[in-house]
Colleague: 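Please read through the structure below; I'll follow up with questions.
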Amino acid sequence: MESTRKKLKITAAPRGIWELNICVACKNPLDSTSKILKCLHGMCNQCFESNSLVPGERDSVCQLSIISDKAIKEIINYNCARQEKKRLKSANNESSISAKPESSNSTKNESSNSANNESSISAKPESSNSNTNPKNSCCAHYFISYDIALFMKISYILENAEIEEENEFENIDVCGSVENNRINVDEIISDHGENQGLNVSEVMNENIILDFKDPGTWPEKITNSQRTHIVKMRINYSEKLDLTRSERDGRSINVSWFFKNLVNGNRCRRTWLDYSKSKNALFCVPCKLFLNLTEKNVSKLALDGFINWKKVSERIPEHENSNIHKKNFCTWKMLEMSIGEGKGGIDKELQDSIKLEENHWRLVLKAIIDIIMHLAMEGSAFRGADELVSSIGKSNDSGKFLNLVKLVSNYNEPLRIHLERHKKGGITYFSHEIQNEFLEIIANKVRSTILSQIKSATYYSILFDCTPDISHEEQMSQVIRYVVVNENGCEIVESFLGFIQVFEKTGESITEDILRSLSKDGIDLANCRGQSYDNGANMAGKWKGVQARISAINELARFIPCTAHSLNLVGLHAAKCSPELEKFFGIIQKLFNFFSSSTQRWDMLKKHLKFSLKGYSTTRWSAKYRAVKSLYLQLAQVIHTCNVLKNGNLCEEATVELNSLLKGITNFNFLCMLTIWNKILMAIDKVNVILQKQNISIDVATNHIKGLLKFIEKFREEGIDEALIESKQKATNLSIEPVFPSIRSRKKKKMPGELADDDISTISEESNFKILMKNVCDRISNGLKERFDSIDEAAQDFSFLDGKFLFTLPTIQLKKHAMDFCIKYEKDIDKIEFILELDSFTQHVFQLENKLIDARSDEILSFILKNGLQDAYPNIYTAYQIFLTLPVTSASCERSFSKLKIIKSYLRSTTKQRRLNNLSIISIEHEIAKTINYDDIINEFASKKARKVVF
């Protein structure tokens with residue numbers, strides 16, 4: 001019969017075969033794991049060809065192996081037939097060479113006869129021919145795993161398909177991707193049928209999930225891997241049987257059935273007998289494990305369970321005295337010995353080899369995870385133009401990830417071995433898909449840790465802000481503020497959860513995106529107690545803004561505009577109240593642009609300055625302070641540098657610009673503004689920096705804002721005059737005339753019939769300057785009062801919880817504040833209990849620690865937690881928790897934008913949203929990422945899909 005030559009694609013393989021990289025005979029590494037003929041026998045080529053095992057050892061393999069006798073016989077007979085086939089083929093070749101040339105017809109007949117002989121030999125692998133006797137044949141090899149046996153059956157089929165050359169197996173993906181741990185045998189069955197010895201049911205049963213405790217859930221045909229798993233899990237396993245639902249026909253299981261009474265009066269436990277809850281039946285564990293359906297009179301205890309309680313006393317002794325049961329029981333115990341720790345056996349040797357290989361792969365993956373974590377935390381790029389493993393260390397375009405792999409392999413032995421073992425098409429775990437999988441797992445673990453903290457804290461506040469990225473996509477940062485209980489008491493935390501791509505910037509659309517994100521993360525909006533955004537109309541709008549829509553759903557979600565952003569707007573509006581002020585800041589920016597636009601001029605400037613000039617930003621007020629400060633402290637050096645450049649060789653356009661700038665900065669009016677704005681901006685910047693802290697509370701923020709307001713009001717009355725005096729002294733040192741330049745008064749033409757003359761102003765230029773600067777101070781003061789009324793209102797609601805008021809206010813006023821507070825938070829606070837707790841707290845707790853009178857709210861809450869007082873004062877604890885949860889700024893969102901620009905840069909503008917979120921949360925929440933156990937990452941990585949390697 002003509003056989004079809006076909007390349008078969010094996011899409012998967014049983015777990016445990018592909019990484020047997022160590023020869024089971026000589027313990028040396030195998031040459032390859034990607035070619036079936038080199039790895040199925042578990043030996044290196046040298047041991048395989050030399051047949052180093054003696055017959056006695058082969059016999060012990062057959063006795064101690066967990067493979068069935070039939071499977072072992074099939075493997076040995078297959079190898080015998082294979083060797084005989086090669087021998088006949090070699091003999092035919094030799095005879096054809098030595099024989100005289102014959103006619104073409106006879107040659108064809110001889111070759112056809114030889115082919116028929118070969119096919120007859122290979123078609124009967126289990127024949128009783130003396131040439132295939134396992135004990136006499138020199139080709140019986142060292143097989144110790146059913147997985148290998150199964151592969152040998154497949155290779156037997158491939159051999160009959162006349163796939164003889166080794167390169168034919170390049171398309172057989174032994175290490176291919178696994179899908180539900182099943183082998184695609186349809187092609188094999190269709191071409192070769194069931195008579196080739198492949199037990200398909202054993203392969204399919206690999207997909208069944210087993211409960212080792214309940215024999216009723218075990219399949220009728222148990223595969224070897226399932227059997228090994230069950231026996232391993234049941235070693236030293238003992239559980240109290242639940243027989244409450246064992247009634248059948250008015251009878252229930254008696255515990256005495258699980259014991260055997262001996263003649264001498266002793267009792268021994270029937271360890272082989274077990275009860276199945278799922279089927280309410282009794283099973284014999286070893287007979288169920290080693291069930292042979294070909295045998296006659298199979299006991300119910302081994303098949304589908306024994307349920308006739310009336311006949312138990314007869315059937316159990318009858319079964320346990322049968323030869324089949326005793327044989328299965330001994331096989332069961334031998335299997336336990338082979339896989340038990342510290343006990344001998346061939347399978348123990350295999351298990352040690354597998355564990356050694358598993359440990360090797362775990363160490364390799366830990367090194368890879370370390371590299372991924374390092375790059376992700378830094379926000380660095382991973383990939384390069386050349387991602388071939390063979391190019392590692394040879395090409396400069398391999399990217400940071402592969403280059404770090406090469407660098408770490410110099411100090412990491414498992415990674416070095418992994419790189420040396422690698423061959424084209426082999427397993428590397430260096431691809432960008434694997435990187436994405438690890439990033440996804442790490443990011444999910446970080447995210448789940450944050451979400452568990454949020455849910456345990458109960459109350460939280462939401463912070464959202466938007467910005468466009470380098471690819472012109474609108475990204476909205478999501479940050480959650482909550483209080484964490486730790487060993488130090490409590491800590492205010494603002495955690496980043498990810499970026500949300502926004503397609504519409506209306507209040508309605510953004511609200512839907514926020515609610516969808518909270519729902520996806522399993523965060524209940526009912527527990528939200530605060531929200532903070534910038535002052536944009538779509539976010540802070542009173543009627544249709546995001547805050548209004550969120551408040552309509554949850555009225556307790558108090559909106560507090562970002563105080564840092566509000567403070568920037570206060571200063572920005574104050575700086576635009578006069579054209580003279582805009583001209584002042586314009587000169588500072590033009591001066592910076594003049595020097596920074598030329599490398600030569602910038603080098604000249606750096607030679608004369610201790611630190612360079614700064615430009616300013618319209619959104620970051622602190623940038624304005626740095627620009628003013630750098631010029632204020634180094635004005636003399638800047639003027640000197642300008643004079644040096646003026647005498648140098650500059651083009652006509654640069655000379656004109658320099659003369660204009662030099663005239664502007666040597667003006668006494670400019671010098672006075674520089675001095676005054678330096679003082680004002682320094683005070684604003686200090687408060688701005690404090691407000692942007694993550695752990696700041698509302699009471700602290702309110703105190704700093706009030707302090708800034710007092711400073712501005714005092715500066716208006718006294719500071720302006722002091723600044724003018726300082727400016728005059730500095731002008732004298734700089735050889736600048738300390739006089740405000742006079743402005744020619746504009747004379748209006750007198751029309752016919754008009755009698756009145758123009759009013760001539762009698763106010764001096766210095767007085768005009770003072771009026772201007774007082775207007776600036778008034779603008780700042782009014783802005784602080786208007787824009788911070790919401791945070792001031794929130795601070796007033798919780799003011800009685802401050803130590804100074806809590807322990808000093810009269811009882812009547814304290815109760816009044818408490819009553820008003822309970823009206824707003826009636827869903828969180830029990831009014832009667834809260835008042836009683838306050839009365840007790842002010843009397844008894846103050847005696848424990850009298851320093852609490854000067855403590856802030858967060859310090860009082862930490863004191864409560866450290867001393868375990870939250871159980872005695874739960875409502876007070878809840879009140880402090882809500883207070884500290886209220887947001888102050890959305891600066892954490894702005895900080896996430898800085899990471900966004902690093903991660904999604906110009907060269908990485910095509911980064912997908914999913915990878916962007918994973919990289920961002922690992923980089924921003926790196927402190928949590930550092931605490932993740934690498935073993936947990938590897939276990940989840942292996943469990944996501946059946947891997948080529950068992951970790």
Colleague: Students often mix this up, so state it plainly: with edges at 30° and 60°, are the rings of H325 and F329 parallel, tilted or perpendicular?
Modeller: tilted
Colleague: To the nearest 0.5 Å, tell me how far D304 CG sits from S299 OG.
Modeller: 9.5 Å
Colleague: Where is the tightest heavy-atom contact between F258 and I253, given as atom of each residue plus distance?
Modeller: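 Answer, listing the atom of F258 first, then I253: CE1-CG2, 3.8 Å.
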Colleague: Pick out which of K288, R234, K213 makes a side chain to side chain donor-acceptor pair (under 3.5 Å) with D274.
Modeller: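 Testing D274 for a side chain to side chain donor-acceptor pair (under 3.5 Å) against K288, R234, K213 leaves exactly one candidate, R234.
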Colleague: Specify the closest pair of heavy atoms between S276 and K279, including all atoms of both residues, with the distance to one decimal.
Modeller: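 Between these two residues, the closest heavy atoms are OG-N, 3.3 Å.
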Colleague: Identify the two heavy atoms, one from S322 and one from H319, that lie closest to each other, and give their separation to 0.1 Å.
Modeller: OG-O, 2.6 Å
Colleague: Is it the case that atom CG in D249 sees more than 12 heavy atoms from other parts of the structure closer than 6.0 Å?
Modeller: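 Count not over threshold, so no.
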Colleague: Counting only heavy atoms not in N261, do more than 12 fall under 6.0 Å of its CG?
Modeller: yes
Colleague: Quick one: does V285's side chain get under 4.5 Å of R270's, heavy atoms only?
Modeller: no
Colleague: Taking C-beta and beyond as the side chain, do F306 and L273 meet within less than 4.5 Å on heavy atoms?
Modeller: no
Colleague: If you take all heavy atoms of A281 and I307, which pair is closest and at what distance?
Modeller: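 Here A281 and I307 meet closest at CB-CG2, 3.6 Å.
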Colleague: For the atom pair SG (C287) and CG (L303), what is the distance rounded to the nearest 0.5 Å?
Modeller: 11.5 Å
Colleague: To the closest 0.5 Å, what do you measure between OG (S246) and CG (L282)?
Modeller: 8.5 Å
Colleague: Determine the interplanar angle of the F438 and F941 rings, folded into 0 to 90°, and report it as parallel if under 30°, tilted if 30 to 60°, perpendicular if over 60°.
Modeller: parallel
Colleague: Return the minimal non-hydrogen interatomic distance between K260 and N321, and the atom names on each side.
Modeller: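 Looking at all heavy atoms of both residues, the shortest contact is NZ-OD1, 4.4 Å.
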Colleague: Apply side chain to side chain contact (heavy atoms under 4.5 Å, CB included) to the pair L365 and H418, showing each step before the final yes or no.
Modeller: CA-CA 10 Å; L365 288 182; H418 176 56; over 6 Å; no
Colleague: Could you tell me whether the side chain of I932 reaches within less than 4.5 Å of the side chain of T449, counting heavy atoms only?
Modeller: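 Of all side-chain heavy-atom pairs linking I932 with T449, none is under 4.5 Å.
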Colleague: Just checking, is any N or O donor in the side chain of R447 or N444 under 3.5 Å from an acceptor N or O on the other one?
Modeller: yes
Colleague: Between atom CH2 of W309 and atom CG of N280, what is the distance when rounded to the nearest 0.5 Å?
Modeller: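 If we round to the nearest 0.5 Å, W309:CH2 and N280:CG are 5.5 Å apart.
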Colleague: So, taking the atom named CD1 in I937 and the one named NZ in K366, what distance separates them when rounded to the nearest 0.5 Å?
Modeller: 10.5 Å
Colleague: Measure across L291 and E220 and return the closest heavy-atom pair with its distance rounded to 0.1 Å.
Modeller: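 Nearest pair, atom of L291 first, then E220: CD2-O, 3.7 Å.
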Colleague: Find the distance between CG (N308) and NZ (K300) and round it off to the nearest 0.5 Å.
Modeller: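 N308 atom CG to K300 atom NZ measures 10.5 Å (nearest 0.5 Å).
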Colleague: After noting the C-alpha distance and the side-chain angles of N292 and N328, does the key distance pass the side chain to side chain contact (heavy atoms under 4.5 Å, CB included) rule?
Modeller: CA-CA 10 Å; N292 188 356; N328 291 335; over 6 Å; no
Colleague: Could you please spell out the steps behind the side chain to side chain contact (heavy atoms under 4.5 Å, CB included) verdict for F283 and W218?
Modeller: CA-CA 11 Å; F283 283 89; W218 303 349; over 6 Å; no
Colleague: Determine whether I938 and W361 satisfy the following criterion, side chain to side chain contact (heavy atoms under 4.5 Å, CB included), listing intermediate values before the conclusion.
Modeller: CA-CA 10 Å; I938 295 173; W361 280 106; over 6 Å; no
